Amino acid sequence: MASETLTSTGYIKHHLQNLTFGKHPDGSWGLAHTAAEAKEMGFWAIHLDTMFWSVTLGGLFLWGFYKAAQRATSGTPSGFLNFVELMVEFIDDNVRGSFTAKNDMVAPLALTLFVWIFLMNTMDLVPVDWIPQVAHLMGIEYMKVVPTTDPNATFGMSIAVFFMIIYYSVKNKGVTGFAAELTMQPFQANNPIVKILFIPANLFLEGIGLIAKPVSLALRLFGNMFAGEMIFILIALLYSSGVVLALLGGVLHWAWAVFHILIVTLQAFIFMTLTVVYLDMAHHEH
Amino acid sequence: MNINLTLIGQSIAFAIFVWFCMKFIWPPVVKALEERKKSIADGLAAAERGLKEQELGEKRAAEVIKQAKGKAADIIASAEKRGGEIVDGAKQDAKTEGERIIAAARSEIEQEMNRAREALRGEVSTLATAGAAQILGKEVDASVHSKMLDELAAQL
């Protein structure tokens, strides 16, 4: 694996390193060649592998669904169009179930989230060495193929959701309504002075609640996928430790992959459903 | 695992994907689904209507058949009646004609008989005279016995 020595630690570390492009401390721009170099770049760097795979998979989703959507008629659907309609109806049912306000953006948002996250998670099922090995042959040192194991990707989505929550809260409740929601509960009082005294405590509790939404969304998805990826990497280590362990590794790999299909789907679904629920809360007083 | 610009890149990509999905994917698919739902509902309603119409049609057909049967029975009855009349008429005609023919034949026979009788009558005197002459051995003068001969002829 690359220039590092093939120790277990090195192998794992190599697999957890993103292909980073950014500004070196000396001022020049370029790829980071070691994990330390990538760290030194700080905020002004970009993970090329995460961006490439997420945009490619997102593009694949949009392209496929767009093709199908153009062929959509009221006649008999066939093949992929059938699948697209199934997905759309599934999402539509879910959104109708948990989103009660009127907003044309929520259902497409939920569809995008679900399919996109599902596709990104599914990259986890590709054996961990295949794509990095091909990339290595092409001269690319690092390649992390599962974008959702990069917190940047999950936080990127959840922060976008967070801004939508704030936007719709302000839009539907007004600035004062939203502020009241953050400061007038859970502790309530009729006496104005007590009310004012309660504001810091309320703001603290509600503020945590508000911030917890994007953080939990992002960390849940990241944590699940990162743990899954890590187990795949550990299982992959078994392949280089003798015939018996390699066979065991094969069995474990298969079993974990089967179980992981559930996690892949479930995490995509949870992210989507919670986003819809949060947006629904942003549309209603409570 | 460093937090960096990728975060913003992902947010932008996400926003663009959602916008694209909202603009170009969701509406046509949902529209198609709605249209299909409507056309299925229409189809079911049409089928219902068709069934009802069929029922009505069957009822109407049964009525028409019943009427037609009645009419056919009437026609057959009147035809039978007319046939009987025609046969009766024909029988009557035949009888009349037969009687007429018989009468004609009878009168002809009568005429023939009379003619034969007249002819015989004409010959009687000659025969009688000749017979008498044979019997008497002498000539009989017809003019002398004409009165008697006429009487004889009249007896025929």
Side-chain angles (χ1 to χ4, degrees), chain A residues 16-18 20-22 35 38-39 41-48 50-51 54-55 58-59 61-62 65-66 68-77 81 84-85 87-89 91-92 104-105 107-109 111-113 115-116 147 149-157 159-161 163 226, chain B residues 1-69 71:
Chain A
L16 296 181
Q17 179 56 45
N18 282 105
T20 315
F21 179 88
K39 211 170 186 79
M41 287 174 177
F43 187 75
W44 296 106
I46 192 155
H47 292 159
L48 294 179
T50 300
M51 288 308 295
S54 61
V55 170
F61 148 63
L62 290 178
F65 273 50
Y66 179 67
Q70 283 196 314
R71 281 189 290 118
T73 60
S74 57
T76 318
L81 178 57
V84 168
E85 288 182 359
M87 292 301 303
V88 167
E89 286 206 302
I91 301 291
D92 203 35
D104 286 341
M105 198 204 63
L109 171 84
L111 178 70
T112 310
L113 273 177
V115 181
W116 193 29
T149 58
D150 181 354
N152 287 297
T154 60
F155 272 106
M157 289 186 287
I159 286 171
V161 170
F163 281 125
F226 185 77
Chain B
M1 275 231 259
N2 316 301
I3 293 291
N4 55 27
L5 270 182
T6 316
L7 190 74
I8 294 165
Q10 280 289 319
S11 298
I12 293 169
F14 175 54
I16 292 171
F17 288 166
V18 171
W19 171 80
F20 187 89
C21 182
M22 187 176 80
K23 201 88 184 165
F24 298 109
I25 294 173
W26 192 264
V29 175
V30 167
K31 193 170 146 260
L33 288 176
E34 287 298 319
E35 268 169 17
R36 187 173 315 139
K37 208 178 275 174
K38 197 176 160 293
S39 74
I40 288 172
D42 287 354
L44 285 176
E48 192 88 358
R49 225 171 21 246
L51 265 175
K52 210 167 274 173
E53 250 158 44
Q54 195 195 350
E55 232 165 68
L56 268 175
E58 267 170 11
K59 217 176 271 175
R60 207 175 302 139
E63 223 162 81
V64 168
I65 286 171
K66 209 171 123 198
Q67 274 180 8
K69 267 184 186 159
K71 208 173 265 178

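This one's a predicted model, so the numbers in the text were calculated from it and none came from an experiment. Residue numbers start from 1 in every chain, and the chains themselves are labelled A, B, ... in the order their sequence lines are given, proteins ahead of strands. Scope of the values below: all heavy atoms of this structure, side chains included, with no hydrogens, waters or symmetry mates.
Annotation for Pro108(A) and Cys21(B): closest pair O-SG, 3.6 Å, computed over non-hydrogen atoms. Contact detail for Asn152(A) and Leu7(B): the closest heavy-atom pair is O-CD1, 3.5 Å. The shortest non-hydrogen separation linking Ile3(B) to Pro151(A) is CD1-CB, 4.3 Å. Residues Val55(A) and Phe17(B) come closest through the heavy atom pair O-CZ, 3.8 Å.
Here Gly58(A) is the residue among Ala160(A), Gly22(A), Gly58(A) with the most heavy-atom pairs under 4.5 Å with chain B. Interface check for chain B: of the options Phe163(A), Phe61(A), Trp116(A), the most heavy-atom pairs under 4.5 Å are formed by Trp116(A). Between chain B and the options Thr112(A), Ile91(A), Leu62(A), heavy-atom pairs under 4.5 Å are most frequent for Leu62(A). Counting heavy-atom pairs closer than 4.5 Å to chain A, the top-ranked of the candidates Pro28(B), Ala15(B), Pro27(B) is Pro28(B). For the set Gly59(A), Ala38(A), Ala107(A), the entry with the most heavy-atom pairs within less than 4.5 Å of chain B is Ala107(A). Between chain B and the options Lys39(A), Met41(A), Arg71(A), heavy-atom pairs under 4.5 Å are most frequent for Lys39(A).
Ile8(B) touches chain A through its side chain: at least one heavy atom from C-beta onward sits under 4.5 Å away, while N, CA, C and O do not. Both the backbone and the side chain of Ile25(B) come within less than 4.5 Å of a heavy atom of chain A. Within the 4.5 angstrom heavy-atom criterion, only side-chain atoms of Leu111(A), from C-beta onward, approach chain B.
Counting heavy atoms from C-beta on, the side chains of Thr6(B) and Thr20(A) never come closer than 4.5 Å. Side chains of Leu113(A) and Phe14(B) form a contact here, defined as non-hydrogen atoms less than 4.5 Å apart. Looking only at side-chain heavy atoms (C-beta outward), Asp104(A) and Trp26(B) stay at 4.5 Å or farther from each other. Between Met157(A) and Ser11(B) the shortest side-chain heavy-atom distance does not fall below 4.5 Å. The side-chain heavy atoms of Leu109(A) and Met22(B), taken from C-beta on, include no pair separated by under 4.5 Å.
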Please walk me through it: do His47(A) and Asn4(B) pass side-chain contact (heavy atoms from CB on, under 4.5 Å)?
CA-CA 8 Å; His47(A) 292 159; Asn4(B) 55 27; 3.1 Å; yes
CA sep, side-chain torsions, deciding dist, call: Thr50(A), Gln10(B), side-chain hydrogen bond (donor to acceptor under 3.5 Å, both in side chains):
CA-CA 9 Å; Thr50(A) 300; Gln10(B) 280 289 319; over 6 Å; no
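Ring-centre distance between Phe20(B) and Tyr66(A): below the 6.0 Å cut-off.
The line from CD of Gln70(A) to CZ of Phe24(B) is 9.5 Å long, rounded to the nearest 0.5 Å.
Summarising the local packing, CZ of Phe43(A) is surrounded by more than 12 heavy atoms from other residues, nucleotides or ligands at distances under 6.0 Å.
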